[in-house]
Student: 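Quick one: the structure is below, and I'll ask about it shortly.
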Amino acid sequence: MSTGFSSSSCRFADYFVTCGLDTESGLEPDELSALCQYIQATKFRDVARGKLAGAKEGENFEQSPLRRTFKSKVLAHYPDNVEWNPFDQDAVGMLCMPKGLSFRTQTDIHKPQFHSFIITREDGSRTYGFALTFFEEVTSKQICSAMQTLYHMHNAEQYEILHTPPTPRSPEDTRSTPQQLLAAPSLSRLQRFNSYDISLDTLYVSKCICLITPMAFAHACRRVLEQLHQAVTSPQPPPMPLESYVYNVLYEVPLPPAGRSLKFSGVYGPVVCQRPSTAELPLFDFPLQEVFELLGVENVLQLFTCALLEIQILLYSQHYQRLMTVAESITALMFPFQWQHVYVPILPASLLHFLDAPVPYLMGLHSNGQDDRTKLELPQEANLCFVDIDNHFIELPEDLPQFPNKLEFIQEISEVLLAFGISSEAKPQCSEGQSKLRVFRSGDMASDKRNGNLASSPLNSYLLRENQTIARLQALVKRTGVSLEKLDVKEDTSTNKDSKVQCDEEELKKHQLNIRVREVFANRFTQMFSDYEVFVIQPSQDKESWFSNRDQMQNFDKASFLSDQPEPYLPFLSRFLETQMFASFIDSKILCHDDEDKEHTLRVFDSRVDKIRMLNVRTPTLRTSMYQKCTNIDEAEKAIEMRLCKIDHTALHPHLLDMKIGQGRYEPGFFPRLQSDVLSTGPTSNKWAKRSAPAQWRRKDRQKQHTEHLYLDNDQREKYIQEARNLGTTLRQPKLSNLSPSVIAQTNWKFVEGLLKECRNKTKRMLVEKMGREAVELGHGEVSITGVEENTLIASLCDLLERIWSHGLQVKQGKSALWSHLLHYQESKEKRDATPAGLVPPGIIHDTERRKSDAGCAMPPLKVSMIQDMRHIQNISEIKTDVGKARAWVRLSMEKKLLSRHLKQLLSDHELTKKLYKRYAFLRCDDEKEQFLYHLLSFNAVDYFCFTNVFTTIMIPYHVVIIPSKKLGGSMFTANPWVCVSGELAETGVLQVPKNTLEITFECQNLGKLTTVPMGHDNSGLYAKWLVECVMVRNGITGHTYKFPCGRWLGKGVDDGSLERILVGELVTNTETEDRMCRTPPMQQSPGMMRRFVTISPNSKPKLNTGQIQEGVGEAINGIVKHFHKPEKERGSLTLLLCGEYGLVWALEQVFQHGFKSPRLFKNVFIWDFLEKAQVYFESTEQSQMTQDENWQMRVRHFCHFMHAINSTPRNIGKDGKFQMLVCLGARDHLLHHWIALLAECPITAQMYEDMALLKDHSLVNSLIRVLQTLQEFIITLEASLVKGIGI
């Protein structure tokens, strides 16, 4: 962030530097940037020789000498060294002139260019540089003649290329010989541009003067440098030698103290800078106006969202200052969060290989203004945000969530911009018009802004601009010159003050606009996180052990925080809470005990949050998505205006130094080499220079680079800050030194280690997440680590895989490196399959094995085939992009528990990996690769449904098999069976099953996890009785197989006379040898007493005692209660809890069967028979003579009504099916406990039950009623298949 500075320095500037051409060493080509150009060039060389590429491409590879770059040197820096900020010669040289030296002739001289840059040190603290580059005449004769020689060579080469006859490749080539078309214009271009004649032309070379400062006072530094440059170019010499001014800036101008302003003298005029107080937003001195004008509000907000989610960001522009302005603005707007990863706003040409860094980064790449985006080949684009600043457009990664309240936020920002006459859309730069506009501000707005409403300018509202008609109207009105708003000159009170303001109008406007926009952005976070402190988890152990386990600790209760948030915020927030910047923010919160201790940003943020809490009388936890506008803009603006009206400090004026006669002579047009003897040391006594403090103190202060007050810190804190910096990322900025292969190798090695560590942490986090959930489902304690949406974690895993696959990549197709590798593999596999079998190279894993299956399973599992899984993904028409396909493939492989195995197989083709990847790539580091695959293997321990639950609309083939009982073979069975498959997302209609094969395959839209299979037959033919063991259903893409146990007869006059049954299923798990890890038990069966007492005697129906029955009911109800306490997206199937094994229906069955009299041998009596008798009794005449209270009669009416409805259903469900339906309906309408009370008092019970029956024991019945009453608070929705044909 732009607040970073080494606070130990009390001087305005640490160094003054000049860079440029070193005449002693002569012209050295800048090898590294030349190499980059050469690589670009080789792509065109063949074309140029064969078909003759256009001259533009020719120039690209054989640059004319005036277009080439040469090595620049740091010519001088004053003083030699400063102990708290050692001078980094390589970094300063690279960043002052990132493209090296350039030469021009008098025909093509540019204006001086200003740009700033940033140097990040090992410990994360930052130093700023401000550079002014201008052209100076070359006086050295050797350099001029060297340039002339280069030109002769170059012209000869170009001429040769143009006159080499092209080798025709095909008849079309010969038809229109490009030679004739292109040669003439190219030659004339050569003469026009590529001319340097030593006798006619004057040669100029770039030079740069630069200030290195601890804080980013961009505007002040720019003025100092421009005035110094003006001094050497103006016809009159400056009032004093340049040394006096440089000495003054280095040694006599202090940093303004926090909350104060400072004025000092440049060569020609005063320079003013001001620094915010400790209660204000941190220092930021780059023009936000420019960012919004370049990109437009919508794009800025999208870029801001990418930065917050730590997506890789690449800025692209031909202006260094634009790169820096956009990067610093985006990171400043993040307040109170700080970018934690690689941050290189200006990437020198020699560091281009750094673009394949497999970590989140924010980098700026200089474009030469000729190449368009398509020529730019980037190593990884799967998760990249590409910002083409000059062309005002931005490419976003897929699935970017919306920033919360995006439209209202855009509206609020647009209003602030509009008040300064700035459009909220990107527009081409036009300097004059803008400066006129800036002075205007809508009068209506100024007067109306106190009410916080902007009704006065409806047409400019962002929300309305979506409407095209209005947009056209606006354009028309603009053209005719009529103004829709009354644009008056800003008639605020400030106009009277302007006379007193010590800086120019422009500068004041910039400060005002900056603070307004920043306050609006900061307000979004204070509103969104106003109650964040409640959710911070303070460490239970001491700080020391907390440091060492920092990676594994959860420091924020994410689930509870998210459950308080409005639904639309969740996609963004669930991802944001997983970022490094959020973790670091919470860490710094945990580490500070009191206000004195806090980092500056945290202190400011917390004080704002407290204010909001005071304002919000409603409880802070009840969040609404009501948009709260920013209210404290005015006071922030006033503070700045106050400082600028009344300057607090004035520095010493420049004065003559003690220089020898003849030193410091003035040479018009040339920036001289200054006298180092007078500039190397400062004044001996200085009231504000912190000379006495020992160096180590100053080093400690630098650790606290974001604080605005200085005091000593304890070692633990320093150690933590070091640790925190190394966490998550290994590098903040590449080492800016002249790069040897060993340095590059070391950097890449750090990346490989970092990727492995990240993979370990991610897999662990995902497993703990999943296991934590399942453990709770299985009754092991409460959730200790609760989940952010599972999707967020899987998406971040996909992103990690993309980064691993794009590290060290040589060959790539499309935007996804992983999918590209898979396609290469698929292609070579198909070629291999076409070759005879014996010729397959050794070491390649075949992928046609089947998984070993359970012996009893009648359905052989799917073949394990990576290629087949790819084909499934390729056949899904909804997925259009490579990135989408790669993500879908990862999700499918995770659901099938094959991710590690598939990737191992992909990487077993070593030839292919060698062809696609450089030696240093992660995928070619064998040990790390093995560990990585092992980490992924741990996912096989849990069940994911991340494919089924996401791709809900795709078509999936299902295979159904009905397995009749082996004991009584269904061979004589004559009726026609049917099934219907029902899942969490949808259900099929009735599907007829051929009775000879008893299996079918059909395709339909994704049904989700399968829940029930209603099945039956039409009772036709002579033998229509059928004993079915179970039904198996398999999903043809994910391979998930479900078993629906039945074990009952279907047929009239057998069992309970049922012709159809509703079967409830569960997922069958493969007990597979090689993949058997620590399998979690399947979802439904909860361990408890139930298991043990049911399995006593498998053949006879076990008799349960009353205690066991009560426990059974308790467990069943408990399951339902837990179901409703889970977040909606994570609930399993309610049908299982009602009708599945040990569900509610089974538990109540045990209640009614306990002590049930069995009249005589061979005749089965069903619970339904008892219920029908009770119904007859309730409806009979004797009942109507008994006077009961209203409530009782109401319950009786309900009971009889439901019994009638179920008995008169057209469906052929048997007596047990009817009982199941009654329990489900009773649970849905919260009537079960009333019915139990009715039946316990009914005389029929006395006749049909033994004396020891549970239903006759009052205390047991009462406790049963109490347990059933707990279901009243839940809204139970039944699956359609359970209540088909019932009109209640």
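Computed from heavy atoms alone, side chains included, the values below leave out hydrogens, waters and symmetry copies.
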Student: How long is the gap from CZ on F117 to OG1 on T127, to the nearest 0.5 Å?
Tutor: 9.5 Å
Student: From F114 CZ over to E226 CD, what is the distance, rounded to the nearest 0.5 angstrom?
Tutor: 7.5 Å
Student: For the residue pair F582 and F576, is the inter-centroid distance of their aromatic rings smaller than 6.0 Å?
Tutor: yes
Student: Whether the side chain of E425 engages the backbone of V297 through a donor-acceptor N/O pair (distance < 3.5 Å, no angle test) should be reported.
Tutor: no
Student: Using 0.5 Å steps for rounding, measure from the CG atom of L365 to the CD1 atom of I346.
Tutor: 11.5 Å
Student: After noting the C-alpha distance and the side-chain angles of K629 and E408, does the key distance pass the salt bridge (Lys or Arg N to Asp or Glu O under 4.0 Å) rule?
Tutor: CA-CA 9 Å; K629 277 188 152 182; E408 294 94 329; over 6 Å; no
Student: Counting distance only, does the side-chain N/O of N514 pair as donor-acceptor with the main-chain N or O of F286 below 3.5 Å?
Tutor: yes
Student: Would you say the side-chain atoms of D285 pair up with the backbone N or O of A218, donor to acceptor, closer than 3.5 Å?
Tutor: yes
Student: For D14 and I212, indicate whether the former's side chain and the latter's backbone hold a donor-acceptor pair under 3.5 Å.
Tutor: no
Student: Taking it one step at a time, do Y15 and L211 satisfy side-chain contact (heavy atoms from CB on, under 4.5 Å)?
Tutor: CA-CA 6 Å; Y15 295 99; L211 280 174; over 6 Å; no
Student: Between atom CG of L347 and atom CE of M94, what is the distance when rounded to the nearest 0.5 Å?
Tutor: 9.5 Å
Student: Indicate the atoms forming the closest heavy-atom contact of P214 with L255, along with that distance.
Tutor: CG-CD1, 4.0 Å
Student: Would you check if the side chain of R575 reaches a backbone N or O of S796 as a donor-acceptor pair within less than 3.5 Å?
Tutor: no
Student: Is the distance between the ring centroids of F403 and F409 less than 6.0 Å?
Tutor: yes
Student: Would you say that L309 contacts P401 through its side chain, given a criterion of any heavy-atom pair below 4.5 Å between the two side chains?
Tutor: yes
Student: Using a 3.5 Å distance criterion without hydrogens, assess whether the side chain of N523 forms a donor-acceptor pair with backbone atoms of Q628.
Tutor: yes
Student: Pair T213, F130 - check side-chain contact (heavy atoms from CB on, under 4.5 Å), show working.
Tutor: CA-CA 8 Å; T213 65; F130 299 94; 3.3 Å; yes
Student: So do the side chains of C630 and Q527 get within less than 4.5 Å of each other, counting heavy atoms only?
Tutor: no
Student: Compare all side-chain heavy atoms of K589 with those of D606 and state whether any distance is below 4.5 angstrom.
Tutor: yes
Student: Check whether any side-chain heavy atom of E310 sits under 4.5 Å from a side-chain heavy atom of E578, and report yes or no.
Tutor: no
Student: Which heavy-atom pair separates H511 from L644 by the least distance, and what is that distance?
Tutor: CD2-CD1, 3.8 Å
Student: Kindly indicate, with the supporting measurements, whether the criterion salt bridge (Lys or Arg N to Asp or Glu O under 4.0 Å) is fulfilled by K815 and E398.
Tutor: CA-CA 11 Å; K815 282 197 169 181; E398 290 175 31; over 6 Å; no
Student: Heavy-atom distance under 4.5 Å between the side chains of S584 and F337, does that happen here?
Tutor: no
Student: Flag the pair F521 / F304 as yes when their ring centroid distance falls below 6.0 Å, and as no otherwise.
Tutor: yes
Student: Nearest 0.5 Å, what's the CG-CD1 distance between D634 and I515?
Tutor: 12.0 Å
Student: Kindly determine whether E519 and R608 satisfy salt bridge (Lys or Arg N to Asp or Glu O under 4.0 Å), including the steps that lead there.
Tutor: CA-CA 11 Å; E519 286 291 353; R608 286 164 177 242; 2.7 Å; yes
Student: Between H366 and Q318, is there a donor-acceptor pair closer than 3.5 Å when you use the side chain of the first and the backbone of the second?
Tutor: yes
Student: Does Q321 form a side-chain contact (heavy atoms from CB on, under 4.5 Å) with E290? I'd like the steps, not just the answer.
Tutor: CA-CA 11 Å; Q321 187 55 13; E290 193 181 334; 5.6 Å; no
Student: For the backbone of S574 and the side chain of Q565, can you confirm whether one donor and one acceptor N or O come within less than 3.5 Å of each other?
Tutor: no
Student: Once the angle between the rings of F585 and Y532 is folded into 0 to 90°, is it parallel (under 30°), tilted (30 to 60°) or perpendicular (over 60°)?
Tutor: tilted
Student: Would L396 and L303 count as a side-chain contact (heavy atoms from CB on, under 4.5 Å) if you check the C-alpha gap in whole Å, the side-chain angles of each, and the deciding distance to 0.1 Å?
Tutor: CA-CA 8 Å; L396 296 167; L303 170 57; over 6 Å; no
Student: Mind telling me whether H229 and F134 have parallel, tilted or perpendicular rings, with 30° and 60° as the class edges?
Tutor: tilted
Student: Should the ring pair F386 and Y316 be called parallel, tilted or perpendicular, given that the plane angle runs from 0 to 90° and is split at 30 and 60?
Tutor: tilted
Student: At what distance, to the nearest 0.5 angstrom, does CG of L513 lie from NZ of K510?
Tutor: 10.5 Å
Student: Considering all heavy atoms of both residues, which atom of L573 and which atom of M528 are nearest to each other, and what is their separation?
Tutor: CD2-SD, 4.0 Å
Student: Between H341 and M581, is there a donor-acceptor pair closer than 3.5 Å when you use the side chain of the first and the backbone of the second?
Tutor: no
Student: Check whether any side-chain N or O of R643 sits under 3.5 Å from a backbone N or O of S261 as a donor-acceptor pair, and report yes or no.
Tutor: no
Student: Considering only heavy atoms from C-beta outward, does the side chain of K509 approach that of F420 to under 4.5 Å?
Tutor: yes
Student: Show your reasoning for whether side-chain hydrogen bond (donor to acceptor under 3.5 Å, both in side chains) applies to Q302 and T305.
Tutor: CA-CA 5 Å; Q302 297 285 43; T305 309; 4.5 Å; no
